[in-house]
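Working notes for the structure below.
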Amino acid sequence: AGMNGTAIENFVCVIYNVSFMNCTWQVGKTASGDTQYFLYWKTSRKEDLTECQNYIKDNCGRHTGCRFQNVTIEKKRAYFLVNGSRSGQNIQSHEKMIMLYKIEKLTPPLNVTVNCTEASHVCEISWQPPRTSHVKRHACFKYEIVIENK
């Protein structure tokens with residue numbers, strides 16, 4: 001239902017700093033200035049949809065994103081629905097299923113230390129894995145080290 005071109009476009013979510021998530025979108029091509037969008041989500045079929053509590057707004061006051069806190073990735077997938085209204089008219093809805101672990105931006109490794117001995121020209125570099133809410137095995141991480149001579 002709803003007029004063509006009124007649904008949101010380019011819906012993207014990113015999880016960062018372990019438990020924060022931002023979802024953003026662009027207003028539909030034919031959406032007018034009085035169009036308002038609403039984001040709902042859930043992480044299991046048994047749950048009811050929950051509306052965003054912290055919208056990101058554009059200059060017209062339209063919702064163009066949502067900020068979430070205390071997000072956990074333990075339930076691997078989430079279902080998102082963005083619908084809207086405009087002066088009592090229906091707006092096309094947008095639905096998306098996202099595997100949450102695929103959208104997490106990991107923090108850098110922790111406690112990076114470098115110990116070099118000038119005599120032997122040997123350096124030892126050590127670190128701890130990044131903080132994450134869902135990876136329990138440290139062997140799951142792969143690291144890349146770039147060494148530049150200065």
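Put simply, the side chain of R67 never gets that close to the backbone of F20: no donor and acceptor are under 3.5 Å apart. In this structure, the side chain of Q69 does not engage the main chain of S19 through any donor-acceptor pair within 3.5 Å. A donor-acceptor distance shorter than 3.5 angstrom exists from the side chain of T30 to the backbone of N4, with no hydrogens or angles considered.
Listed by chain and residue number, nothing satisfies the salt bridge (charged side-chain N to carboxylate O under 4.0 Å, His left out) test with D34 (two or more places apart in sequence, or in another chain). Applying the side chain to side chain donor-acceptor pair (under 3.5 Å) test to Y55 and every residue at least two apart in sequence or in another chain returns E51.
Using a 4.5 Å cut-off between side-chain heavy atoms of Ile, Leu, Val, Met, Phe, Trp and Tyr, with links allowed through other members, V112 and L106 fall into the same hydrophobic cluster. Residues Y79 and V71 share a single hydrophobic cluster, defined by chaining ILVMFWY side chains whose heavy atoms lie under 4.5 Å apart.
Taking 4.5 Å as the limit, some side-chain heavy atom of H63 sits within range of a side-chain heavy atom of K57. Using a 4.5 Å heavy-atom threshold, the side chains of I125 and Y143 count as separate.
In terms of heavy atoms, Q92 sits closest to T6 at N-OG1, 3.0 Å.
For residues 89-121, the pairs satisfying ring pair (Phe, Tyr, Trp, His ring centres under 6.0 Å) are F11-H94, with sequence neighbours left out.
Atom SG of C66 sits about 6.5 Å away from atom CH2 of W25, to the nearest 0.5 Å.
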